[in-house]
Amino acid sequence: MKKAALHNLGCKVNAYETEAIQQMLEKEGYEIVPFREGADIYIINTCTVTNVADRKSRQMLHRARKMNPEAIVVACGCYVQTEQKEIDDCIDIVVGNNRKKDILSILKEYEQSREESTLLYQAVPEVEKEEDYEELSIRHTTTHTRAYMKIQDGCNQFCSYCIIPFARGRVRSRKRAQIEEEARQLVQSGCKEIVLTGIHLSSYGLDTGDTLIDLMESLHQIEGLLRIRLGSLEPRIITEEFVSRLVKLEKVCPHFHLSLQSGCDATLKRMNRRYDTGEYREKCQLLRRFFAEPALTTDIIVGFPGETEEEFAESKRFVDEMDFYETHVFKYSKREGTRAASMAHQVPDGTKADRSSELLELNRKKKQNYESRLLGTTQEVLIEEEVFVNEAPYQVGHTREYVKVGVQTREDLTNRLIPIEIKDPAQIMGN
């Protein structure tokens, strides 16, 4: 029995694909072992979203080679898809996007020819020409509580800072019947909550004529599935029709991550985002009109090329006005091959750090304010684990709004939906 070790870098989509690869290997008889010395095969699912991600991908590949010089080292995913000319000699097999489903046959073919040739085995398609969705699936999760499920790949947006359309290709959607079948299998394995994810989730069905809300209405009918959560959304999908249908689905969690990136219209234009702050504000207001106290979260980039002090102040004021539950703050990181990398007026690292600190402090206050409103309420919590706080045992999980909450008890409540009355601030544990 060959021993295989896997390591994932990057987003939730990458994590899903790595889990799918692992389950394919397990089914074929491979023994899955920790990512350390002693494995026969090392598989690294790489990321390329920033130059830093590229460097981390290279580091992990070299680390695998050092751990076992005789092992087969496989590099998958976005980094090798975009940087084929920089492939290091520590790699034996390169598997690009839309070929991960073939990992078993690729390994078998390489092993059969390994004694005859030491040449690099490359399976890297021209992903921008791919029209078919790469069908990968998982049958269970390690936690049995929550499962991320990939339903879409690719992006047509071409934001000026982003390399992903070149790494992942254009929008490709998974067939609804296959999504529903995987959801049923996950529920049968004990999973109570499914999180829909994709490279550009809002574009689901753009190539097939389907829609995200139609899919969610279908998933809502699956017996035993208790929660449906959405991954990151673009503002323009939030229409009155979409939200009015969504609010009728009681399994849908009122936790909406609406990507913003900047609260300044001039910066949004340089980023090639497809909305302005006025439209974004309307979308937040629409969600709050239909849902009571929804958790709205977002992403913000600080220090984008050309961002002046005035533009940053405008962005910060808008974030403050939107009153997000949580804001994920990123310092702009240059990615070679994007338009933003060659833009004038690159912002110094020190300035980025200062702006990041300001928004993180604002986020701390907003998060605290939102969570404080839960005191004295009873919340439905999906219990995921036991943790100890000052040696006291707590059963901990997330509310529908994705607030981490615990109840002090020794009773094992794992993977159960239970009502928890929040009497003490210590029960709100953050994320």
Side-chain angles (χ1 to χ4, degrees), residues 1-125 127 134-143 148 150 167-168:
M1 183 183 294
K2 291 188 180 295
K3 297 178 180 179
L6 296 91
H7 184 81
N8 183 71
L9 294 160
C11 63
K12 297 296 185 185
V13 170
N14 262 21
Y16 172 92
E17 293 172 344
T18 302
E19 193 167 2
I21 291 170
Q22 177 174 321
Q23 291 186 21
M24 283 194 294
L25 292 168
E26 288 173 333
K27 188 177 180 181
E28 192 69 12
Y30 287 82
E31 179 186 356
I32 305 301
V33 298
F35 198 86
R36 53 179 183 244
E37 293 180 5
D40 302 303
I41 300 167
Y42 293 92
I43 300 175
I44 296 92
N45 199 8
T46 63
C47 178
T48 192
V49 69
T50 64
N51 289 347
V52 173
D54 280 358
R55 185 173 69 249
K56 288 181 179 178
S57 295
R58 289 192 295 270
Q59 288 172 344
M60 291 308 300
L61 290 162
H62 282 283
R63 180 180 168 188
R65 174 57 69 208
K66 288 179 181 178
M67 287 192 293
N68 185 357
E70 302 303 316
I72 298 173
V73 177
V74 184
C76 297
C78 293
Y79 168 64
V80 293
Q81 184 69 50
T82 58
E83 302 294 340
Q84 294 179 49
K85 294 179 181 179
E86 297 184 16
I87 298 302
D88 296 303
D89 57 8
C90 65
I91 303 169
D92 298 302
I93 301 175
V94 176
V95 181
N97 289 322
N98 248 40
R99 288 296 308 274
K100 295 171 189 173
K101 67 181 186 301
D102 303 321
I103 191 75
L104 292 176
S105 60
I106 289 170
L107 280 169
K108 184 177 181 180
E109 186 175 342
Y110 177 79
E111 288 172 335
Q112 289 175 343
S113 62
R114 193 179 186 188
E115 294 181 2
E116 302 172 10
S117 173
T118 58
L119 294 177
L120 177 71
Y121 186 108
Q122 298 197 59
V124 183
V127 73
E134 180 182 26
E135 186 56 43
L136 292 166
S137 65
I138 60 175
R139 299 178 299 280
H140 57 83
T141 63
T142 54
T143 63
Y148 286 86
K150 178 187 169 188
R168 286 279 180 173

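Below, all heavy atoms of this structure are taken into account, side chains as well, without hydrogens, waters or symmetry copies. A quick note: this is a predicted structure, and the numbers were derived from the prediction, not measured. In this chain, residues are counted from 1 in sequence order.
- Considering all non-hydrogen atoms of both residues, Val80 and Ala75 come closest at CG1-CB, 3.5 Å.
- Residues Leu25 and Leu107 are in side-chain contact: their nearest non-hydrogen atoms beyond the backbone lie under 4.5 Å apart.
- Within the model, atoms CD1 of Ile32 and CD of Gln23 stand 10.0 Å from one another, a figure rounded to the nearest 0.5 Å.
- Within a 6.0 Å sphere centred on CZ of Arg36, heavy atoms belonging to other residues, nucleotides or ligands number 12 at most.
- Under the rule for a salt bridge (charged side-chain N to carboxylate O under 4.0 Å, His left out), the partners of Asp54 that lie at least two apart in sequence or sit in another chain are Arg335.
- No side-chain heavy atom of Ile93 sits less than 4.5 Å from a side-chain heavy atom of Val73.
- Here the straight-line distance linking atom CD of Glu134 with atom CZ of Arg99 works out to 9.0 Å at 0.5 Å rounding.
- Pairs of residues two or more places apart, or lying in two chains, that qualify as side-chain hydrogen bond (donor to acceptor under 3.5 Å, both in side chains) and include a residue from residues 64-75 are Arg65-Asp92.
- Scanning for side chain to side chain donor-acceptor pair (under 3.5 Å) contacts around Asn51 gives an empty result, with sequence neighbours left out.
- In this structure a side-chain-to-backbone donor-acceptor pair under 3.5 Å is present from Ser57 to Cys47.
- When side chains are defined from C-beta on, Tyr42 does not count as touching Arg63, because their heavy atoms never get closer than 4.5 Å.
- Rounded to the nearest 0.5 Å, atoms CD (Glu109) and CG (Leu104) are 13.0 Å apart.
- Checked against side chain to side chain donor-acceptor pair (under 3.5 Å), Lys100 has the following partners two or more places apart in sequence or in another chain: Glu17, Asn45, Asn97.
- Residue Cys76 holds its SG atom at 10.0 Å from CD1 of Ile91, rounded to the nearest 0.5 Å.
- Using a 4.5 Å heavy-atom cutoff, the side chains of Val95 and Ile103 are in contact.
- Within the 4.5 Å cutoff, side-chain heavy atoms of Leu6 are placed close to those of Ile21.
- With hydrogens and angles ignored, the 3.5 Å screen pairs a side-chain donor or acceptor of Asp40 with a backbone N or O of Lys3.
- Listed by chain and number, the residues in a side chain to side chain donor-acceptor pair (under 3.5 Å) with Glu28 amount to none (sequence neighbours excluded).
- Listed by chain and residue number, nothing satisfies the salt bridge (charged side-chain N to carboxylate O under 4.0 Å, His left out) test with Glu26 (two or more places apart in sequence, or in another chain).
- Residues Ala39 and Ala5 come closest through the heavy atom pair CB-CB, 3.9 Å.
- For the pair Lys150 and Ser137, the minimum side-chain heavy-atom distance is 4.5 Å or more.
- Other residues, nucleotides and ligands contribute over 12 non-hydrogen atoms within 6.0 Å of the NZ atom of Lys101.
- For the pair Val94 and Tyr121, the minimum side-chain heavy-atom distance is 4.5 Å or more.
- With hydrogens and angles ignored, the 3.5 Å screen pairs a side-chain donor or acceptor of Thr46 with a backbone N or O of Tyr79.
- Not a single donor-acceptor pair under 3.5 Å links the side chain of Glu31 to the backbone N or O of Ala4.
- With sequence neighbours left out, the side chain to side chain donor-acceptor pair (under 3.5 Å) criterion links Asn14 to Arg168.
- In this structure Gln59 satisfies the side chain to side chain contact (heavy atoms under 4.5 Å, CB included) test together with Arg55, Lys56, sequence neighbours excluded.
- The ring pair (Phe, Tyr, Trp, His ring centres under 6.0 Å) analysis of residues 6-33, with sequence neighbours excluded, yields the pairs His7-Phe35.
- Scored by the side chain to side chain contact (heavy atoms under 4.5 Å, CB included) test, Thr141 finds Glu19, Ile138, Thr143, Ala147, Leu186 as partners (sequence neighbours excluded).
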